[in-house]
Participant: 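Here it is, the structure in full.
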Amino acid sequence: MRYDLVIFDNDGVLVDSEPISNRLLAAYLTELGHPTTYDEAIRDYMGSAMHRIHDLVLERYGRQLPSEFDATFHERVFAAFGAELEAVVGAAEVVEELRADGVPYCLASSGSHERIRVALKKTELYELFGEERIFSSQDVGRGKPAPDLFLHAASVMGVAPERCAVVEDSPLGVQAARAAGMDVYGFTAMTPAAKLADATERFASMRELLHLLR
């Protein structure tokens with residue numbers, strides 16, 4: 001394999017959570033007086049850390065989100081995850097093959113550690129990672145599109161950025177990986193390929209990914 005480390009985003013790449021979380025985000029923002037459609041939530045917030053949602057709402061509406069916003073949103077998301085969340089088709093097989101081949105891998109997500117853990121355990125992917133391979137925007141000062149999270153993950157894993165491949169499904173994640181000096185593979189199962197035009201390569205099915213990484 002061409003890379004010494006494969007870094008996976010979580011939401012939309014390993015777990016099929018984006019439709020759930022963005023549906024709930026749009027509904028909650030609308031409830032708070034910031035009318036938002038599902039498509040707008042995908043366009044504006046997909047791949048964002050929570051602080052970016054707060055920043056964009058304040059910039060657009062001149063009002064801060066309530067202090068309980070994060071806790072309430074995550075409570076709703078976790079309840080929905082318990083009922084609806086599934087792994088992305090083929091994701092487990094990709095990770096298992098990397099492990100079998102001795103290729104280091106990890107996860108770097110804009111989500112909180114709690115959100116990542118809940119999602120991975122619900123989809124039975126947690127045992128493939130464990131805490132030592134999980135990195136969150138909580139671990140760094142700035143989330144995507146800043147490169148900090150990917151650089152932090154690579155540093156902890158002991159791999160130079162130019163030897164890393166990132167697997168992402170959001171424009172913000174692609175931008176972050178590029179800023180980190182890493183190759184990035186854009187997953188287009190949900191995101192239009194044109195929005196991931198800056199990716200090194202784009203793919204629509206997990207079956208394609210291992211071939212691209214070799």
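Numbering starts at 1 and runs along the sequence shown.
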Participant: Is there a donor-acceptor contact under 3.5 Å from the side chain of Ser205 to the main chain of Glu208?
Facilitator: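 Not confirmed, Ser205 side chain does not pair with Glu208 backbone.
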
Participant: Tell me, yes or no, whether the heavy-atom count around Arg207 atom CZ, taken from other residues, nucleotides or ligands under 6.0 Å, exceeds 12.
Facilitator: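 Check fails, neighbour count at 12 or below.
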
Participant: Decide yes or no for Arg142 and Leu149: does some side-chain heavy atom of the first lie under 4.5 Å from some side-chain heavy atom of the second?
Facilitator: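 A side-chain contact is absent here, since even the closest heavy-atom pair is not under 4.5 Å.
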
Participant: For the CD atom on Glu131, are there more than 12 heavy atoms of other groups (residues, nucleotides or ligands in this structure) within a distance under 6.0 Å?
Facilitator: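 More than 12 within 6.0 Å, yes.
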
Participant: Please set out all donor-acceptor pairs under 3.5 angstrom arising from side-chain atoms of residues 92-108, sequence neighbours excluded.
Facilitator:
| unit_1 | atom_1 | unit_2 | atom_2 | d |
| --- | --- | --- | --- | --- |
| Glu97 | OE2 | Arg214 | NH2 | 3.1 |
| Asp101 | OD2 | Arg214 | NH2 | 3.2 |
| Tyr105 | OH | Leu128 | O | 2.4 |

Participant: Can you check whether Leu29 reaches Tyr45 side chain to side chain, under 4.5 Å on heavy atoms?
Facilitator: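 Yes; the side chains approach each other to less than 4.5 Å.
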
Participant: Where does the angle between the aromatic ring planes of Tyr28 and Phe69 fall among parallel (under 30°), tilted (30 to 60°) and perpendicular (over 60°)?
Facilitator: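 Parallel: the ring planes of Tyr28 and Phe69 meet at under 30°.
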
Participant: Looking only at atom types and distance, does a side-chain atom of Arg52 sit under 3.5 Å from a main-chain N or O of Lys144, one as donor and one as acceptor?
Facilitator: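 Judged by distance alone, no pair lies under 3.5 Å.
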
Participant: Does Pro171 reach the side chain of Leu196, with side-chain heavy atoms less than 4.5 Å apart?
Facilitator: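 SC-SC contact between Pro171 and Leu196 confirmed.
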
Participant: If you count heavy atoms of other groups shown closer than 6.0 angstrom to CD of Glu127, is the number above 12?
Facilitator: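 Atom CD in Glu127 is not packed in, count stays at 12 or less.
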
Participant: For a quick check under 3.5 Å, do Ser109 and Arg115 share a side-chain donor-acceptor pair by atom type?
Facilitator: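 Side-chain D/A pair, Ser109 to Arg115: absent.
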
Participant: Any chance CD of Glu31 has more than 12 other-residue heavy atoms, nucleotides or ligands included, within less than 6.0 Å?
Facilitator: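 Enclosed: over 12 neighbouring heavy atoms sit under 6.0 Å from CD of Glu31.
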
Participant: My understanding is that only residues two or more places apart in sequence, or in another chain, count here; which of them pass ring pair (Phe, Tyr, Trp, His ring centres under 6.0 Å) with Phe150?
Facilitator: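 With neighbours one apart ignored, the set is empty.
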
Participant: Quick check: do Lys122 and Val15 have side-chain heavy atoms less than 4.5 Å from each other?
Facilitator: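 Counting from C-beta outward, Lys122 and Val15 never come under 4.5 Å.
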
Participant: Verify, without hydrogens or angle tests, whether Thr36 (side chain) and Thr30 (backbone) share a donor-acceptor contact under 3.5 angstrom.
Facilitator: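 Side chain of Thr36 to backbone of Thr30, a donor-acceptor pair under 3.5 Å: no, none is there.
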
Participant: List the steps, then state whether side-chain contact (heavy atoms from CB on, under 4.5 Å) holds for Ser110 with Asp11.
Facilitator: CA-CA 9 Å; Ser110 292; Asp11 295 296; over 6 Å; no

Participant: Do Arg163 and Leu5 come close enough that some side-chain heavy atom pair is under 4.5 Å?
Facilitator: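 No, too far: nothing below the 4.5 Å cut-off.
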
Participant: So, do His113 and Asp139 sit near enough that their side-chain heavy atoms are less than 4.5 Å apart?
Facilitator: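 Heavy-atom side-chain distance check passes, below 4.5 Å.
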
Participant: Less than 4.5 Å apart, side chain to side chain, heavy atoms only: is that true for Leu151 and Pro161?
Facilitator: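 Yes, their side chains come closer than 4.5 Å.
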
Participant: Would you give me the side-chain donor-acceptor pairs under 3.5 Å for residues 53-62, sequence neighbours excluded?
Facilitator:
| unit_1 | atom_1 | unit_2 | atom_2 | d |
| --- | --- | --- | --- | --- |
| His54 | NE2 | Asp70 | OD1 | 2.7 |
| Arg60 | NH1 | Asp44 | OD2 | 2.9 |
| Arg60 | NH2 | Asp44 | OD2 | 3.4 |

Participant: Looking at Leu24 and Val77, what are the two nearest heavy atoms and their distance?
Facilitator: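 Taking Leu24 first and Val77 second, the nearest heavy atoms are CD1-CA, 3.7 Å.
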
Participant: Under a 4.5 Å cut-off applied to non-hydrogen side-chain atoms, are His34 and Leu65 in contact?
Facilitator: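 Yes. Closest side-chain heavy atoms under 4.5 Å.
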
